[in-house]
Structures are given as structure tokens and as C-alpha cells.
Amino acid sequence: MGGSDRVGLARAVAAAAGSTPGVSRLVAGGLIPAVTHVPGGTVTGVRLGATAVSVHIAIDRFPLEPVITGVVQAVGAVLSGADDERRVEVVVEDVEDSALRSGPFGTGAS
Amino acid sequence: MSSSSSAAATERDGTGGTGSGAPRRTGPAPGAPPSHAALTTEHGQTRIADAVVAKIAGLAAREIPGVYSMGTGFARRMGQLRSLVPGSTDIDTVAQGVSVEVGERETAVDLDVVTWYGQNIVEVTEAVRSNVIERVEGMTGLRVVEVNINVDDIYVEGQDSGEPSQSRVQ
């Protein structure tokens with residue numbers, strides 16, 4: 001439970017979730033921002049809870065389900081690599097405008 | 001290195017049961033007063049004062065962006081007054097809100113912090129706790145047994161202007 005564990009875990013989770021295909025960015029969102037405080041700054045979109053690690057993302061493609069599954073798998077791999085038994089929680093905070101234009105809704109309209 | 005170890009070996013082998021012969025300089029003597037040292041070597045010992053641990057802990061807590069200020073209400077007001085005095089330095093206020101107990105190899109830290117409104121306080125205190133432990137253990141070598149955090153107040157942006165000057169109804 002050292003300090004570097006916590007900071008390293010938050011950064012690793014953010015990197016894994018952010019590099020998943022379909023995830024455009026991590027967002028804090030909400031009234032109470034989902035951030036992890038680290039020395040000198042914050043890791044946006046990652047909250048290390050007591051029972052779950054929640055990741056808050058913005059998505060840039062449809063359908064959402066495979067993207068969310070990808071995030072759960074990527075973050076789950078990081079957690080199991082660190083011997084962490086917490087659940088993974090994915091919150092889709094936002095959808096990019098480009099996904100709405102070029103996705104199933106966009107093709108139907110134009 | 002090899003000569004000394006061989007000498008010790010021959011001494012041990014040759015003299016047999018005279019373990020209580022010459023007093024050894026290495027290691028803490030049994031009758032000596034407890035040294036407040038994290039590091040005791042055969043060439044001397046290192047003492048780390050309470051103020052050092054307090055300053056490190058204060059700076060480590062302030063590194064977390066969720067910490068707005070430190071100290072209880074009275075201490076914060078005194079700190080504001082003191083900062084108005086010409087010639088005073090910020091260094092004096094670094095340890096504000098920090099009280100430490102430093103033992104021979106371990107230390108305990110108590111912190112009074114003020115956070116911002118709109119944050120997860122548990123998240124902030126966890127971040128403060130782990131960073132203080134990491135910095136103090138990394139810089140002093142003392143083992144941090146506990147970090148107790150009192151969240152004394154919460155800072156609401158715009159609070160400095162005192163009482164709300166605008167009435168709620170137009």
C-alpha cells in the first residue's frame with residue numbers, strides 16, 4: 001500500500017483505458033470530478049474506490065458495447081497484474097460529435 | 001574487509017567463551033540512552049529532528065492538489081497575519097498544521113488540512129496519506145507508523161469575500 005503503488009496504479013489504469021480502441025479521452029465529468037490525486041496533479045477519469053476502480057471515458061464510435069468490453073478487459077489486465085481484486089467500473093460520460101455524425105445515426109440521416 | 005572478518009573469526013575461534021571481553025563500538029550499546037537516529041553506524045549516528053519530519057510532511061501534503069490550506073482555523077489566521085509582516089518567509093508556515101512524534105526508528109504524523117468544496121474527501125486524504133508516507137520514509141528512513149488527518153474545514157470558492165454581498169432576491 002505504498003504511495004507509489006497508488007500513483008502507479010492510477011497512471012497504468014489511465015494508460016490502459018486511454019489506449020483502448022474507441023476511447024477518445026478520459027473525462028472527470030460529473031459534479032464531483034472522478035480524479036485520482038497524485039503529487040503535483042491529478043489523473044483524470046480514474047477513481048480508485050474501496051471495492052471498485054471506476055474509469056470515466058468519452059467514446060468516439062458506435063456501438064458502445066465492444067468498446068466498454070475492451071476497457072474492462074484492458075483495465076482488468078492491469079489490476080490482475082498488480083494483484084488487485086477490485087472490480088472494474090466503466091462510466092461512459094460523453095460521446096464525441098464525430099461518432100454521432102459518422103455512426104449509424106449519421107448514415108441514416110444523410 | 002577480508003582481514004577484519006578473518007580476524008574476528010580467529011578471535012571467536014581462539015578465545016572461545018569470552019564474548020563479554022572488549023566493548024564493541026558497533027551497534028547500540030545496551031545501557032546507552034535511546035538515540036533519535038534512523039541511522040546508526042560505527043562512525044557515528046544521524047539524528048533527525050521533529051521539525052525536519054514536520055516540514056517534509058507539510059510539503060508532501062501540499063503537493064496534493066486537493067489540499068487548499070493547512071492548520072486549524074486559529075493557526076491559519078495567525079499564518080495570514082504573519083505573512084503580512086515584512087521579512088517573514090514562507091518556510092515558517094510549511095510546518096503549519098503538522099505535528100509529529102519522532103522516535104528511534106519510527107514516526108507518527110498528525111495533519112490538519114482544509115480541502116476544496118466539490119471533491120471526494122476520502123480520495124484527497126488517501127492521496128495525502130500515501131504521499132506523506134512515501135516522502136517521509138524516502139527522505140528520512142524513518143518508518144511512518146500512522147498518519148492521522150483531520151479535515152478541519154472546506155474551502156468554497158469566493159468565500160474569501162466574506163459574507164455574500166449580493167442578496168439572494170433581486
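Proteins get letters first, then strands, A, B, ... in listed order; numbering begins at 1 in each.
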Notebook entry, point to check: Cluster question for you: counting only ILVMFWY and a side-chain heavy-atom cut-off of under 4.5 Å, with indirect links fine, are Val147(B) and Ile121(B) together?
Noted result: yes

Checklist line | Residue Arg62(B) versus chain A: region with a heavy atom under 4.5 Å | finding: neither

Margin query: Just so I understand: if I count every heavy-atom pair under 4.5 Å between each of Gly40(A), Ala10(A), Ala34(A) and chain B, which residue has the most?
Written below: Gly40(A)

Notebook entry, point to check: Pro65(B) and Thr42(A): which non-hydrogen atoms are nearest, and at how many Å?
Noted result: CG-CG2, 3.7 Å

Margin query: With a 4.5 angstrom heavy-atom cut-off, is it the side chain or the backbone of Ile32(A) that approaches chain B, or both, or neither?
Written below: both

Notebook entry, point to check: Does one hydrophobic cluster hold both Val90(A) and Phe62(A), with members joined at side-chain heavy-atom distances below 4.5 Å?
Noted result: yes

Notebook entry, point to check: At their closest point, which heavy atom of Glu123(B) faces which heavy atom of His37(A), and how far apart are they?
Noted result: OE2-N, 2.7 Å

Next item on the list: Mark yes when over 12 heavy atoms from residues, nucleotides or ligands other than Glu106(B) sit less than 6.0 Å from its CD; otherwise mark no.
Entry: yes

Notebook entry, point to check: Any link between Leu64(A) and Val72(A) through a network of hydrophobic side chains (Ile, Leu, Val, Met, Phe, Trp, Tyr) touching at under 4.5 Å?
Noted result: yes

Next item on the list: First locate atom CG of Asp5(A), then atom CD of Glu134(B), and finally report the distance between them rounded to the nearest 0.5 Å.
Entry: 9.0 Å

Check: Which pair of non-hydrogen atoms, one from Ile64(B) and one from Val38(A), has the smallest distance, and what is that distance?
Finding: CD1-C, 3.9 Å

Margin query: Quick check: is Val52(B) connected to Val136(B) through a chain of hydrophobic side chains (ILVMFWY, heavy atoms under 4.5 Å apart)?
Written below: yes

Item checked: Linked, directly or transitively: Met139(B) and Val100(B) (ILVMFWY side chains, under 4.5 Å) -> yes

